[in-house]
Amino acid sequence: VLQLSDNDPKRQALVISVAYNLLKFYDPDKVAIEVVAFGPGIDLLRTDNANRKLVESLIAQGVRFDVCLNTVDTVERDTGKRPEIIPAATPVQVGVGQILLLTENGYTLVRP
């Protein structure tokens, strides 16, 4: 599981790069890669993000991108507008909770 909790473009690019590298290193049928975005990290999954095509390419290769609904709700509450998230993102209620659930079930947490 790759954690993304800030909106730094360099960090976003690093998470994408790590996901691609993992797909190359491991047989894609033998590794499960899940990116959990919460807090400012959800910016990677906005429809207008410059990395959208790369994210969607990874999703097409079996990488799962989770978006924290608590964060989405907070952004909507603070700005009056719900952020537009790419449809291929998987909504999870609590991003950190998703990370804990995954690590309890055999995933390794990586914070690029």
Side-chain angles (χ1 to χ4, degrees):
V1 60
L2 302 175
Q3 173 182 320
L4 182 59
S5 54
D6 60 45
N7 65 356
D8 176 19
K10 288 181 182 176
R11 183 66 52 102
Q12 292 179 10
L14 183 59
V15 166
I16 289 168
S17 176
V18 168
Y20 272 110
N21 289 337
L22 287 170
L23 285 175
K24 277 192 247 173
F25 185 75
Y26 292 102
D27 180 340
D29 294 331
K30 295 183 180 170
V31 66
I33 303 167
E34 197 155 329
V35 177
V36 180
F38 62 93
I42 72 163
D43 285 356
L44 176 63
L45 301 176
R46 288 179 182 254
T47 55
D48 60 353
N49 188 289
N51 292 309
R52 179 177 179 169
K53 288 188 185 205
L54 293 172
V55 169
E56 290 174 336
S57 169
L58 284 166
I59 290 169
Q61 295 176 68
V63 177
R64 182 171 145 153
F65 282 80
D66 298 333
V67 60
C68 174
L69 292 179
N70 280 351
T71 301
V72 171
D73 292 343
T74 298
V75 170
E76 182 177 25
R77 193 168 46 254
D78 291 349
T79 66
K81 185 172 184 226
R82 194 158 186 88
E84 291 185 34
I85 302 297
I86 61 172
T90 302
V92 297
Q93 193 59 51
V94 181
V96 174
Q98 181 71 3
I99 289 171
L100 293 173
L101 179 69
L102 291 169
T103 58
E104 290 167 359
N105 286 287
Y107 281 70
T108 301
L109 174 60
V110 178
R111 286 170 274 185

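All values reported here derive from a predicted model rather than from experimental measurement. Throughout, residue positions are numbered sequentially from 1 according to the sequence presented.
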Would you check if [X] and [Y] make a side-chain contact, meaning some heavy-atom pair closer than 4.5 Å?
| X | Y | result |
| --- | --- | --- |
| Phe38 | Ile99 | yes |
| Ile42 | Val75 | yes |
| Val55 | Asn49 | no |
| Glu34 | Asp66 | yes |
| Arg46 | Asn7 | no |
| Val18 | Ile33 | no |
| Leu58 | Val35 | no |
| Asp73 | Arg82 | yes |

Identify whether [X] and [Y] are in the same connected component of the hydrophobic contact network (ILVMFWY, side-chain heavy atoms under 4.5 Å).
| X | Y | answer |
| --- | --- | --- |
| Val96 | Val92 | no |
| Val63 | Leu101 | no |
| Leu22 | Leu4 | yes |
| Leu100 | Leu2 | no |
| Leu102 | Val31 | no |

Where is the tightest heavy-atom contact between [X] and [Y], given as atom of each residue plus distance?
| X | Y | answer |
| --- | --- | --- |
| Ala89 | Val67 | CB-CG1, 4.2 Å |
| Arg11 | Pro112 | CD-O, 2.8 Å |
| Phe65 | Ile59 | CD1-CG1, 3.5 Å |
| Pro40 | Ser5 | CD-O, 3.4 Å |

Mind checking the [atom1]-[atom2] spacing from [X] to [Y]? Nearest 0.5 Å is all I need.
| X | Y | atom1 | atom2 | answer |
| --- | --- | --- | --- | --- |
| Ile86 | Asp48 | CD1 | CG | 11.0 Å |
| Lys81 | Thr79 | NZ | OG1 | 8.0 Å |
| Arg64 | Thr90 | CZ | OG1 | 4.5 Å |

Residues Leu44, Ile16; criterion side-chain contact (heavy atoms from CB on, under 4.5 Å); working and verdict: CA-CA 10 Å; Leu44 176 63; Ile16 289 168; 3.9 Å; yes
Run Gln3 and Leu109 through side-chain contact (heavy atoms from CB on, under 4.5 Å) and show every step you take. CA-CA 7 Å; Gln3 173 182 320; Leu109 174 60; 3.9 Å; yes
N/O donor-acceptor pair under 3.5 Å between Ser17 side chain and Ala13 backbone: no
Quiz question: by atom type and distance under 3.5 Å, do the side chains of Gln93 and Asn70 form a donor-acceptor pair? yes
